[in-house]
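Below is one structure, written out as structure tokens; comments come after it.
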Amino acid sequence: MGGSNGELKLLGHKGSPFVTRVKLALGLKGISYDYVEEDIFSKKSDLLLRSNPVHKAVPVLIHNGKPICESQVIVQYIDEVFAGTGPSLLPADPHDRALARFWVAYIDDKLAVPWDQVFRARTDEKRNEAMRQTFAAAEALEGGRKECSKGRNFFGGENVGYLDIVVGSLVPWAKATSVLAGAELFDAAKMPLLVAWMDRFCELDVAKAVLQDPNILLEQAKMLIAKNSAVASNN
């Protein structure tokens, strides 16, 4: 994957969409890196705990021995530090850049939070409510697709950008969640622009190289749900 720009190491977990964001950013830039898979459920490494002592979570990008944490921060760091390598990820226009950041914040605050609870809720009632909130939040992305792309192929215009990376990282989990829910999270009837974008994004070489198998994520989701349901029943 391209040339190395200093020593880069990514600490991650294969199921994390936030780690996928970073992999997509590095892949689009053509930047090589070492990847370290973390056991985030049983035993986090000393390197991870030292590198991210606040959240103790992945992803962490270590550049020349210095850790950078949180996926939003990491992707923007990659774009700034490796500005001369590969395509720019954030829009050049300040207003377009602000729009992209707004929608990324929306995804992390309004979509990812209830979505995470779909798998972590300890009762069916709470899980169903989390699923309802997730579906409602996802529908707003159709407006983001229209607002940011201005009729072009990607959120970033004719080229893949920051918001494409963030939404693209969710695609495998969207497919897995759709199976769980028995309904499409990204519904072509309600979100035709988003679904057309998704098909286009998934055909990119970097997406094929990085995006997880939804079937594997589905099994991971089922295990998480079963684990949390068991905890609830034992309390």
Side-chain angles (χ1 to χ4, degrees), residues 1-41 43-92 97 100-101 104 107-108 112 153-173 175 197-198 200-214 216-217 220:
M1 277 171 57
S4 174
N5 291 269
E7 182 185 347
L8 278 176
K9 182 179 292 185
L10 175 61
L11 311 184
H13 181 265
K14 58 189 175 183
S16 169
F18 302 103
V19 174
T20 302
R21 292 179 182 181
V22 181
K23 289 181 176 180
L24 286 169
L26 291 166
L28 285 164
K29 286 280 194 179
I31 298 171
S32 59
Y33 61 97
D34 294 325
Y35 177 72
V36 179
E37 178 73 11
E38 288 284 340
D39 183 354
I40 60 173
F41 296 112
K43 184 173 175 56
K44 298 175 182 179
S45 72
D46 290 339
L47 178 59
L48 173 59
L49 297 176
R50 289 197 312 271
S51 301
N52 190 359
V54 176
H55 296 300
K56 302 178 177 63
V58 294
V60 176
L61 184 69
I62 302 175
H63 185 206
N64 292 330
K66 298 178 180 179
I68 305 97
C69 306
E70 297 296 299
S71 62
Q72 287 190 34
V73 176
I74 295 172
V75 172
Q76 294 184 55
Y77 176 87
I78 290 168
D79 202 36
E80 292 173 5
V81 172
F82 304 118
T85 304
S88 296
L89 302 179
L90 272 80
R97 192 159 60 247
R101 285 171 168 156
V104 170
I107 289 167
D108 283 357
N153 283 333
F154 297 101
F155 283 95
E158 290 306 323
N159 298 310
V160 174
Y162 181 36
L163 191 50
D164 294 282
I165 288 170
V166 172
V167 182
S169 69
L170 302 176
V171 168
W173 274 108
K175 293 179 178 180
W197 165 87
M198 182 173 67
R200 194 177 299 116
F201 183 85
C202 288
E203 288 302 310
L204 297 172
D205 289 341
V206 68
K208 291 178 180 179
V210 169
L211 297 185
Q212 305 99 322
D213 181 342
I216 294 175
L217 297 182
Q220 181 179 321

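All of these numbers come straight from a predicted model, not from anything done at the bench. Count residues from 1 along the sequence.
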Does some side-chain heavy atom of Phe155 sit less than 4.5 Å from a side-chain heavy atom of Ile165? no

TODO: Would you check if Leu163 and Ile107 make a side-chain contact, meaning some heavy-atom pair closer than 4.5 Å?
DONE: yes

>> On the six-membered ring of Tyr35, is Lys9 placed so that its NZ or CZ lies under 6.0 angstrom from the centre and within 45° of the ring axis?
In response: no

In this structure, CG of Leu211 is separated from SG of Cys202 (nearest 0.5 Å) by 5.5 Å

Q. Where the side chain of Asn52 meets the backbone of Ala57, is there a donor-acceptor pair that is under 3.5 Å apart?
A. yes

In short, Ser51 meets Ile62 closest at the heavy-atom pair OG-CD1, 3.6 Å

query = So, do Ser45 and Leu48 sit near enough that their side-chain heavy atoms are less than 4.5 Å apart?
reply = yes

*Determine, step by step, whether Ile68 and Val73 satisfy the side chain to side chain contact (heavy atoms under 4.5 Å, CB included) criterion, reporting the C-alpha distance in whole Å, the side-chain angles of both residues, the deciding distance to 0.1 Å, and the verdict.*
CA-CA 7 Å; Ile68 305 97; Val73 176; 3.8 Å; yes

Taking side chain as C-beta onward, heavy atoms only, is Phe41 less than 4.5 Å from His13?
-> yes

- Under 4.5 Å between any side-chain heavy atoms of Leu204 and Phe154, yes or no? yes

Task: Atom NZ of Lys66 with >12 non-hydrogen neighbours under 6.0 angstrom - done: no

All heavy atoms of Lys56 vs all of Lys44, minimum pair found to be O-NZ, 2.8 Å

*Does any N or O in the side chain of Lys29 come within less than 3.5 Å of the main-chain N or O of Thr85, such that one atom is a donor and the other an acceptor?*
yes

Rounded to the nearest 0.5 angstrom, the CG-CG distance for Leu28 and Asp79 is 10.5 Å

Exercise. Should we say atom CG of Asp39 is surrounded by more than 12 heavy atoms from elsewhere, each under 6.0 Å from it?
Worked result: yes

key: Any donor-acceptor N/O pair, Thr20 side chain to Ser16 backbone, under 3.5 Å   = yes

Between the CG atom in Leu89 and the CD atom in Gln76, the distance rounded to the nearest 0.5 Å is 10.0 Å

Between Gly168 and Leu24 the two heavy atoms that sit nearest each other are C-CD1, 4.3 Å

On a heavy-atom basis, the closest approach of Pro17 and Leu170 is CB-CD2, 4.2 Å

- Task: Would you please test Tyr162 and Arg97 for side chain to side chain contact (heavy atoms under 4.5 Å, CB included) and show each step?
- Result: CA-CA 9 Å; Tyr162 181 36; Arg97 192 159 60 247; over 6 Å; no

In short, Asp164 meets Asn159 closest at the heavy-atom pair OD2-O, 4.0 Å

- Residue pair His55, Glu70: steps toward the side chain to side chain contact (heavy atoms under 4.5 Å, CB included) verdict: CA-CA 9 Å; His55 296 300; Glu70 297 296 299; 3.3 Å; yes

Rounded to the nearest 0.5 angstrom, the CD-CD distance for Gln212 and Gln220 is 8.5 Å

To the nearest 0.5 Å, atom OG of Ser88 lies from atom CZ of Phe82 at 14.0 Å

Correct closest heavy-atom pair for Pro67 and Val60 would be CB-CG1, 3.9 Å

Can you confirm whether Val171 sits close enough to Trp197 that some side-chain heavy atom of one is under 4.5 Å from a side-chain heavy atom of the other? yes

Taken to the nearest 0.5 Å, the spacing of Leu217 CG from Lys175 NZ works out to 11.0 Å

Item to check | Lys/Arg-Asp/Glu bridge criterion (N-O < 4.0 Å) met for Asp108, Arg21 | outcome: yes

(message) Any heavy-atom pair between the side chains of Ile40 and Val58 that's under 4.5 Å?
(response) yes

Tyr33 and His63 aromatic centres sub-6.0 Å = no

- Task: Could you tell me whether a side-chain N or O of Glu7 sits under 3.5 Å from a main-chain N or O of Gly65, the two making a donor and an acceptor?
- Result: no

Problem set entry | Minimum side-chain heavy-atom gap Leu8-Asn64 below 4.5 Å | no

